[in-house]
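Numbered from 1 within each chain, the chains take letters A, B, ... in sequence-line order.
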Amino acid sequence: MYDFLNEPQKEAVFHTEGPLLILAGAGSGKTRVLTHRAAYLIEEKGVNPYYILAVTFTNKAAGEMRERINDIVGYGAESIWVSTFHSTCVRILRRYIDRLGYGTNFTIYDSEDQKTLMKDICKRLQIDTKIHKEKSFLDAISAAKDELTDPIAFETNAGGDYNKRIQAQVYREYQRELQKNNALDFDDLIMKTVELFKLDKEVLNAYQERFRYIMVDEYQDTNTAQFELVRLLAMKYRNLCVVGDDDQSIYKFRGANIYNILNFENHFPDAAVIRLEQNYRSTQNILDAANHVIANNVERKEKRLWTENGAGEKIRFEQLDTGYEEADTVARDILEKVGNGSCRYRDCAVLYRTNAQSRLFEERFLISNIPYRIVGGLNFYSRKEIKDLLSYLKTVSNGRDDLAVKRIINVPKRGIGAATLNKVSLYAQEQELDFYTALRRAADIPGVGKAEARIRPFVLLIQSLRAKAKLLSVTDLLKEVIDVTGYVRELEAEGTEEAVERIENIDELISKAAAYEESVEAPSLDGFLEEVALVADIDSLDSGNDYVVLMTLHSAKGLEFPNVYLAGMEEGLFPGYRAITSDEISPNGANTELEEERRLAYVGITRAKEHLTITSAKTRMIRGETRFGAVSRFVKEIPPELLEGRITEPEADFPEEELSAFRKARKAFLMPPTQYGTSRPSGGGGDFGRPAYPKKKEPVYTPVGSQRSFSSSSTKNTRLSYQEGDRVRHIKFGDGTVAAIVAGGRDYEVTVDFDKAGTKKMFASFARLKKI
DNA sequence: GGTTTGAAACTTTTT
DNA sequence: GTTTCAAACC
């Protein structure tokens with residue numbers, strides 16, 4: 001069974017003792033190595049599968065690994081612990097978190113819950129959320145938790161920094177509130193587990209004894225807390241095998257610490273390092289393109305993917321006038337490929353940088369009758385109706401979860417309003433009660449008065465549901481909630497399209513509850529709530545159905561498709577504006593944000609097995625505004641000989657013809673595809689009064705000087721129209737004098753002394769300065 | 001207490 | 001273009 005592995009793969013499988021770092025390039029068969037390694041441990045080394053832990057990031061990855069292990073391991077595969085970081089921690093905490101002063105039936109808060117809670121806290125602490133945004137507090141707290149910084153340490157670190165002191169205060173309050181609600185946020189799951197291990201050597205020892213062989217997938221995406229968790233667990237037996245690809249590290253924004261993988265050998269000096277560079281997924285052309293792009297990064301471990309699959313076809317590049325035409329081009333291409341039998345819908349994937357880009361594709365696919373599935377965006381479990389019903393279940397399970405109680409107390413309408421809620425809240429705070437208990441004593445609360453008559457039925461409802469929960473299955477309890485609250489009946493009465501959709505979602509929730517009860521041995525209400533809290537949209541992606549998949553590049557990591565479209569490859573969009581303007585430079589001289597975007601491009605390119613089509617639009621509507629974008633630098637980093645299609649730079653001045661093309665494309669977009677395109681509108685036709693896009697709003701134009709020329713391309717020289725000492729005008733800052741111009745890699749950095757706005761440094765491509 | 005309306009913010013990426 | 005949030009109204 002191990003004969004099918006190549007040499008380095010074998011080496012990795014047979015290296016079972018001590019720390020091991022596997023640098024696995026895209027498509028190099030790392031899952032194969034991990035599963036075979038598990039099999040080898042059990043069957044050749046006689047390791048009890050009970051001692052093996054495999055950790056991944058998504059449930060989907062965990063599920064796939066579980067399945068493949070089951071396929072190759074004969075006996076005992078089911079006792080291998082395969083799960084995500086988050087569910088692993090939940091499982092541990094459900095058993096021992098009482099040692100940290102929480103109840104083991106804790107609730108898990110999603111980002112919406114976090115935001116609600118944070119709003120509450122800001123209000124209570126009288127923080128002006130116009131100055132300090134809730135989001136910024138949550139970001140700071142999340143970053144702190146990723147680094148295992150607790151509120152006390154945070155405060156110490158804050159020193160005299162005014163902003164940090166406020167953050168520290170909010171963090172402390174936020175954490176106290178979570179504990180009061182017996183709730184943990186996502187980051188807590190990891191941090192509290194580490195805390196538990198550090199506090200309680202007995203518990204740590206028990207898990208160290210259990211997890212004698214640990215494997216971590218996607219290691220490049222671990223953050224400091226996750227690293228610490230793994231380090232603690234592996235400390236005793238030191239059989240830690242991590243698999244990752246530094247070139248695919250794309251979660252820095254979420255706290256991933258790329259140095260975990262780059263410095264693994266420093267943390268574990270006796271670590272063996274194995275590189276997997278043979279790719280089994282893509283054609284050589286696709287790999288060459290990926291290799292060339294990623295080679296522009298400074299901060300990486302050198303490696304070069306190769307394959308025995310032939311060169312394959314060239315990479316197609318299409319530059320369209322508008323985002324609408326881009327969607328149209330992709331749709332046509334898919335229809336053609338499916339039509340001539342060269343692929344099925346499910347072989348195709350459209351990948352983009354931001355979720356917002358999905359809309360145009362969705363509209364076009366709908367019209368063209370292309371079956372599709374969008375991954376990401378609004379999670380099923382974040383829908384209002386689902387959250388409402390789950391909040392009932394949460395209230396039944398954990399009465400201390402104030403957020404859940406407050407969410408449903410007036411859903412359906414019971415005539416309990418903000419004024420009453422405030423009184424109850426205040427009372428709860430004074431008496432140090434949870435919100436639900438305060439409700440039960442509504443009669444004693446001053447000022448509540450006749451509102452008590454409205455509160456009592458709610459309390460009785462919850463009490464009766466609690467009694468029933470002991471007898472009913474999760475599914476039946478859910479149905480009971482729907483019945484006694486009249487939730488669906490109300491929607492039925494409404495009768496709108498939206499209401500129908502909500503009912504469908506509720507039916508879906510019931511099915512999910514039923515499926516849950518069938519899939520686990522000892523189903524419970526808490527178990528269901530937990531599963532539901534930890535799913536990502538990508539988890540439900542099923543390759544059995546025949547549809548085109550649309551998703552962000554982030555969601556696409558770990559997946560592969562024969563036919564991939566990389567859409568929206570434009571400067572300002574991908575790489576994003578933030579990354580381009582970022583001045584964060586690492587000690588090695590790498591522009592960290594830009595390199596992360598480049599890794600994302602690398603991930604995108606390497607998803608393709610056979611066909612890769614890259615598209616970009618010259619104009620694009622972003623937030624109701626038309627923007628002009630040059631072709632992404634990442635496209636230009638692909639050697640021209642691998643590309644089919646040409647890159648043209650847009651005109652430097654405001655291109656009226658493109659604007660009119662944009663208007664027409666938008667107009668034509670919602671017509672059936674057969675009409676559109678065959679008779680493509682040409683200029684000069686009757687115009688309807690005002691143009692859709694007022695000219696006075698000047699679009700952002702982002703030219704990037706091309707460093708190389710392309711076959712048959714009309715590259716425009718982007719020499720600046722002004723020099724030092726010239727008077728220039730800026731859209732926002734007004735008039736000023738150019739103080740300095742410094743040539744950068746692909747752009748100029750211009751310093752301007754503005755008459756009114758002061759001195760600003762900016763990139764020429766963004767400043768759009770005009771000589772006056 | 002509930003509903004409607006208009007302004008404002010929003011966009012990276014997610015377990 | 002879409003969603004969210006507060007104020008004004010019923």
Considering every strand and a 4.0 Å limit on heavy-atom distances, what is the contact class for [X]: base, sugar-phosphate, or nothing?
X        : answer
A:Phe186 : base
A:Lys119 : sugar-phosphate
A:Asp187 : nothing

Check the distance between [N]'s [atom2] and [X]'s [atom1] and give it to me in whole angstrom.
X        : N      : atom1 : atom2 : answer
A:Arg414 : B:dG1  : CZ    : C1'   : 15 Å
A:Glu134 : B:dA9  : CD    : P     : 13 Å
A:Arg599 : B:dT13 : CZ    : C1'   : 13 Å
A:Leu189 : B:dT14 : CG    : C1'   : 14 Å
A:Asp139 : B:dT13 : CG    : P     : 13 Å
A:Leu534 : B:dT14 : CG    : P     : 16 Å
A:Glu112 : B:dT14 : CD    : C1'   : 15 Å
A:Arg359 : B:dC10 : CZ    : C1'   : 14 Å

What is the ring orientation for [X] with [Y], classed by angle as parallel under 30°, tilted 30 to 60°, or perpendicular over 60°?
X        : Y        : result
A:Tyr251 : A:Phe253 : tilted
A:Phe57  : A:Phe85  : tilted
A:Phe528 : A:Tyr516 : tilted

State which of [options] makes the closest approach to the side chain of [X].
X        : options               : answer
A:Arg254 : B:dG1, B:dT13, B:dT15 : B:dT15
A:His86  : C:dT2, B:dG2, B:dT15  : B:dT15
A:Lys133 : B:dT14, B:dC10, B:dG1 : B:dC10
A:Ala419 : B:dT13, B:dT11, B:dG1 : B:dG1
A:Tyr251 : B:dT14, C:dG1, B:dG1  : B:dT14
A:Asn410 : B:dG2, B:dG1, B:dT15  : B:dG2

For [N], does either OP1 or OP2 sit under 4.0 Å from a side-chain N or O belonging to [X]?
X        : N      : answer
A:Lys115 : C:dT4  : no
A:Thr58  : B:dT14 : no
A:Ser111 : B:dT14 : no
A:Asn223 : B:dT15 : no
A:Ser87  : B:dT15 : no

Task: Partner of A:Gln175 by side-chain hydrogen bond (donor to acceptor under 3.5 Å, both in side chains), out of A:Asp185, A:Asp150, A:Asp188 - done: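 Answer to the side-chain hydrogen bond (donor to acceptor under 3.5 Å, both in side chains) test with A:Gln175 among A:Asp185, A:Asp150, A:Asp188: A:Asp188.
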Open item on the list: By nearest heavy atom, map A:Ala418 and A:Ile622 onto DNA chain B; which one lands nearer the 5' end?
Closed with: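 Upstream on the strand: A:Ala418.
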Task: Toward the 5' end of DNA chain B, by each residue's nearest nucleotide, A:Gly415 or A:Ala536 - done: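 Result of the comparison: A:Gly415.
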Task: Gap separating the NZ atom of A:Lys394 from the OG1 atom of A:Thr107, nearest 0.5 angstrom - done: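 These two atoms lie 6.5 Å from each other.
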Task: Ionic contact status for A:Lys192 with A:Glu195, cut-off 4.0 Å - done: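 Result for this pair is yes, salt bridge flagged.
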Task: Whether A:Phe253 stacks on the six-membered ring of B:dT13 base, 5.5 Å and 30° limits - done: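 Answer is yes, a stack.
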- [ ] Sticking with atom P, work out how far B:dT13 lies from C:dT4, rounded to a whole angstrom.
- [x]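 After rounding to an integer number of Å, I get 14 Å for this pair.
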